[in-house]
Amino acid sequence: MVGRDEAVAQVQALLKAARLVTLTGPGGVGKTRLALETAARAAADHPDGVWLVELAGLDRTTRAPGGDGLVETVIAALGIRDDTAPGLPRSGLPADPAARLAEALRTRRALLVLDNCEHVIDEVAAFGERLLRAAPEARILATSQEPLRLAGESVWPVPPLQTPHSPGDGPATLRRFSAVRLFEARAAAAVPGFAIDAANARAVAAICRRLDGVPLALELAATRLRALDVHDLAERLDDRFRLLSWGHRGTPARQRTLRAMIDWSWELLSGPERLVLRRLAVFYEGCTLEAAEEVCADGDVTPQDVLDLLARLVDRSMVVRADSPGRTRYRLLESVAAYALDRLEEAGETERVRVRHLAFHTELAERAEPGLHGPEQRRWLRRLDAEHANLRGALEEAVRRRDAGPALRLVNALAWYWYLRGRIGEGRRAFAMALGIRTGAPTATRARAEAWQTGLDLLGEGSADVRTPSETIADPGERARAEWFLSDVLLGAGDLGLSRDLVGRALPVFRRLGDRWGTAAALATEANHALVRGDLGTLERSGEESLAIFRELGDRWGQVRAIDLLARLAEIRGDRRRSAVLCRDGLRLAEELGLWLQVSLLQSGLGRIALLAGDHAESDRRHERGRLLAAEHGYRPGEAFALTGLALTARRACRLDAAEAHMRDALARAREVRYAPAIALGLAELGFTAEQRGDAAAAGELHREALAVARDIGDPRAIALTLEGLAGVAALTGTPAEAARLLGEAAALRESTGAPLPPEERGDVDRITTTAHSVLGAEAFTRAFTEGHTT
C-alpha cells in the first residue's frame, strides 16, 4: 500500500456516500490491493460481513446463461447453502440462485468486494443492479478496467504511483515519489541490502518513469535485480516484454509477466477498439482527437467512429485522457504503447500509419505557421508545445525515409516557432537533418531552409557561411521574409553592411505587397540599425511605427521587440522612468508568451536601469538572470549583452578584476562575430579599467583601437565614449589641457545626437574633469574644453 493512504481515505468516503463504488484503472495498477485495504478499514461500517468475490477465474466462454454462473460464484464466496444464509438459522430460501442471494442479504449491512469484473462486465452490471435494489443495506466495491455504468455508481480511477520528473534528483528527493519507494522496497526484498544511492539514483528514476509507476510492472522489474544490475535493467527496458517475463509463483497467470498483464486487457477489446489502440501507438506523448481521427481511421473505422472508440478505450483504462489548455489529449502508458506497436507490426500497418502521422503533423505545422504572426500567437505556441514530441517524431520519420519534401516543409514551417521559443539548438539540429537529404525537394523550399539554417547557426554559434536568399525563392514575399530574418540576425552576429542591404531590400517589398507583419518586422530591424549608428531620430520613428503596426496585428513578439528598442532610446535620453516602464511591459508580455530570448534581453535591460540607479546588487541579479536564460537557450547575443552588463556594473562598483574578466569574455564573443558596436564598447570599457588601475599605456592603446572601430561605425556616441577614455589617459599622463579639449569634443558629439550624457552616466567624465580641472584651474580648463567643443 505504498503511497495509497490518501487513496484509501477517499475511497472510504465514497463508500459511505454511495452503495456502488467502482475502482477502475489499467492492469497491474493496484486496484485489488486498494479495494482490500479499503474493505478492511470499512469493516466496522458493515457488521454483517465483508466478502471478497474473485471473478478473474470466471470463464467468460462457459458461464451459465442469464448470469447464473456469476451469481453462483458470489454465493460460493459467501458460503450460502441451499437452506442457510450466513448468520441465519435454517430457512426455506428460494431455489433460484439470484433470489436466494438477494433474500440472504435483504436486511444485512454487508460489503461485497467484486474483484476483476472487466471480462464479465455486463453480467456484473446486471447482478449489481438487481442486488442493490433487493438488499438496500448492502454495498458493492468493484474493481474493473471499466465502469459498470449503473445509476448511482461512483467511479474512482486508481492512478499509477507518482514517478520522478527530473532524472537528476538525488536519493532523498526520489524517495518522495511513491513509485520509487515501492521499487526500493521490492528490490530490497529481492536483493537484500539494495538501497537507492547517488550512483544508482538516475537509473532508478528512469525505471520508475518508463514503467509509468504501475506497481505490478515495478515489482516484476525488481525481481530482475537478482540477475541484473539496476543500470542494466534500465538500459534493457526497450525490450521490456522479454525482460519482465518472470513473476512470483502463486500469482494469477495474467499477473506473472508484463505481456500477460496487457494480453488480458487486449483480449477484452473489440476489433475496432484494437485497431484504434494499436494505431495510437505511433504518437509520441499523446495526441488530440483531431489527430486520432486523421491517423487512426481506415477501412471499417471512419473518422466519425474514432471518438466513440476512444471513449470506450478510456473507459477500459487502455487509453489515458490528459487535458491540456483548451484541448483534450489522449495518451498511452509506455508499456501499453510498446505492446500496441508490436500489434501494429503484426497487423502489417506500421509503415502506412507512420506515413499518416508524418503527413498530419507536417500539415499541422504549416497551418500553425501563419498563426504565429498575430493575435493567435499564444494559442498556436501552446498547440505546438503540446505536439513537440510528435513533431520531432514526424521529422525523424521523414529523415528515416530519406524524404526531403516533408522534412523540409516541416522544418521551414517550424523555424519561427523554434526561434520564438528560444530553441536554437533544436532548430539547428532539425535543419541539419532535413538538409542532409540531398534530393527530393523543390529548389525554392531548399533555399528557404538554407536561409533559416544560416540565421539559426549565427544565433547559436555566432558564425556561419552566410548565403543570402537568391532568386531561387521565386515568391517575392517569401524571399523578403528570408532576407529580413538574415538581416535581423546579422545585426547582432555578423556583417552590419550586409544586414543593412538585406533589410533595405526587404522593407520596400513588404510595403509594396501590403505585408503589414513584414513591414513592422523590417522597421524594427531598421530602428535597431539606427540605434547602432546613433541615429536617434530614425530609431524613434521606425520604432514607434513598428510598435503601432504590431499592436494593430496583435503580435506580441513584435510588440516586445519594438518596446525593447524604445526602452533603450528612453535610457539614452536619460528618461530612466520611461525606460523602466517599457522594459517591464515588454518583460510581462515576453514571459506570458514564453519568449525566452526576449526575456533574456529585457532582464539585462532592467539590469542596465538598476545600474544607472546605483543599485549594483539588483543590476548583477538581473544581468545574471539574463545570462543564464540566454545560455540555456543557446542564444549567444543575449549572453554577450548580459556579460557586458555584468562588466559595467563590476567596474562602477570598483571590482576591476571582475569587470575585466567579464568584459574580455564579452569582447571575445563580439570579435568572433565581428560585431563592431560591441567591440568598440568592450575596448573602451577595458581602457577605462586600465586607466583606473593607473596603466596609461594599456589604456591609451585600448581607447585608440576603440576610436578606430567607432569611427568606422559612424556612431557619434561611441566616438564620444572613446574620446572620454582618451581624456582620462591624458589626465593620467600629465596633459590636462588635452584632457579638457577631448572632453569638450566628446560633449559636442553627444549633444549633436540630442542625447547629452545624463547625470547617472557621468561617473568617468566627472572623475577625469576633476583631475584636469584641479591642475589647470577653472579658466584654463574652460578655455581648453571650449576649444574642443567648437572644433
Side-chain angles (χ1 to χ4, degrees), residues 22-29 31 55-63 65-67 69-70 114 116-129 142-150 153 155 157 241 253-254 258-283 286-321 328-333 335-350 352-353 356:
T22 304
L23 306 183
T24 62
V29 81
K31 299 183 293 294
L55 301 179
L58 191 62
D59 190 335
R60 189 179 186 188
T61 61
T62 61
R63 65 183 186 274
L70 169 62
L114 305 181
N116 292 298
C117 302
E118 55 271 354
H119 62 306
V120 285
I121 195 72
D122 293 334
E123 289 74 15
V124 173
F127 164 77
E129 183 175 32
T143 73
S144 175
Q145 291 184 17
E146 63 177 299
L148 303 186
R149 289 194 286 275
L150 292 178
E153 178 185 27
V155 178
F241 296 114
R254 69 183 187 285
L258 184 63
R259 179 174 290 279
M261 179 184 81
I262 303 177
D263 277 338
W264 168 266
S265 303
W266 174 266
E267 294 301 325
L268 301 177
L269 302 180
S270 67
E273 289 167 349
R274 293 179 185 179
L275 181 147
V276 169
L277 181 63
R278 66 179 179 251
R279 292 178 180 178
L280 284 174
V282 301
F283 289 99
C287 66
T288 62
L289 175 60
E290 174 195 10
E293 289 171 336
E294 288 291 324
V295 174
C296 296
D298 183 26
D300 295 335
V301 173
T302 68
Q304 293 74 27
D305 296 329
V306 170
L307 174 58
D308 285 342
L309 292 167
L310 271 175
R312 279 148 59 182
L313 289 167
V314 170
D315 277 349
R316 294 184 175 183
S317 305
M318 296 299 284
V319 172
V320 178
R321 173 182 161 176
T328 300
R329 294 183 67 78
Y330 303 91
R331 68 177 182 87
L332 305 182
L333 298 181
S335 294
V336 174
Y339 181 93
L341 280 174
D342 287 348
R343 293 293 190 173
L344 189 70
E345 188 67 29
E346 287 176 9
E349 297 177 340
T350 302
R352 186 166 77 252
V353 178
R356 286 187 197 156

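The figures here come from the full heavy-atom set of this structure, side chains too, leaving out hydrogens, waters and symmetry mates.
Nearest heavy atom pair, residue Ala125 against residue Leu148, reads CB-O, 3.8 Å. Here the shortest heavy-atom pairing between Thr22 and Pro147 reads CG2-CA, 4.3 Å. For the pair Phe283 and Cys296, the tightest heavy-atom approach, listed with the atom from each and the gap, is CE1-SG, 4.4 Å. Taking both residues in full, the closest heavy atoms of Leu150 and Gly128 are given as CD1-C, 4.2 Å, listed atom of the first, atom of the second, then distance. Minimum heavy-atom separation, Ala297 to Pro303: CB-N, 3.5 Å. The shortest non-hydrogen separation linking Glu273 to Ser270 is OE1-N, 2.9 Å.
Here the CG-CD distance, from Leu269 to Glu118, works out to 11.0 Å after rounding to the nearest 0.5 Å. Taking CZ of Arg278 as the start and OG1 of Thr350 as the end, the distance is 10.0 Å to the nearest 0.5 Å. Of the inter-residue distances, the one linking Leu55 atom CG with Phe127 atom CZ reads 9.0 Å to the nearest 0.5 angstrom. Between atom CZ of residue Arg279 and atom SG of residue Cys287 there is a gap of 13.5 Å, rounded to the nearest 0.5 Å. The distance from atom CG of Leu23 to atom CG of Leu114, rounded to the nearest 0.5 Å, is 11.0 Å.
Scanning for side-chain contact (heavy atoms from CB on, under 4.5 Å) contacts around Asp305 gives Val301, Thr302, Leu309, with sequence neighbours left out. Scored by the side-chain contact (heavy atoms from CB on, under 4.5 Å) test, Ala311 finds no partners at all (sequence neighbours excluded). For Ser265, the side-chain contact (heavy atoms from CB on, under 4.5 Å) partners two or more places apart in sequence, or in a different chain, are Gln145, Met318. Among residues two or more places apart in sequence or in another chain, the side-chain contact (heavy atoms from CB on, under 4.5 Å) test is passed with Ala281 by Leu332, Ala340, Leu341. For Glu146, the salt bridge (charged side-chain N to carboxylate O under 4.0 Å, His left out) test picks out Arg149, Arg316, with sequence neighbours left out. Qualifying salt bridge (charged side-chain N to carboxylate O under 4.0 Å, His left out) partners for Arg352, counting only residues two or more places apart in sequence or in other chains: Asp298, Glu349.
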**Message:** Evaluate Leu280 against Tyr330 for side chain to side chain contact (heavy atoms under 4.5 Å, CB included), listing each step before the verdict.
**Reply:** CA-CA 9 Å; Leu280 284 174; Tyr330 303 91; 5.5 Å; no
**Item:** Full working for side chain to side chain contact (heavy atoms under 4.5 Å, CB included) between Arg259 and Asp342
**Value:** CA-CA 11 Å; Arg259 179 174 290 279; Asp342 287 348; 3.1 Å; yes
**Request:** Go through Glu267 and Arg274 one step at a time and tell me if the side chain to side chain contact (heavy atoms under 4.5 Å, CB included) criterion holds.
**Result:** CA-CA 9 Å; Glu267 294 301 325; Arg274 293 179 185 179; 3.6 Å; yes
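Exactly one of Leu344, Leu277, Ile262, Leu333 qualifies for a side-chain contact (heavy atoms from CB on, under 4.5 Å) with Tyr339. That residue is Ile262.
Side-chain contact between Leu258 and Met261 is present, with heavy atoms from C-beta onward closer than 4.5 Å. Taking 4.5 Å as the limit, every side-chain heavy atom of Leu289 sits out of range of all side-chain heavy atoms of Thr328. Side-chain contact between Ile121 and Ser144 is present, with heavy atoms from C-beta onward closer than 4.5 Å.
At least one donor-acceptor pair under 3.5 Å links the side chain of Lys31 to the backbone N or O of Pro26. The backbone N or O of Val295 sits less than 3.5 Å from a side-chain atom of Arg356, completing a donor-acceptor pair.
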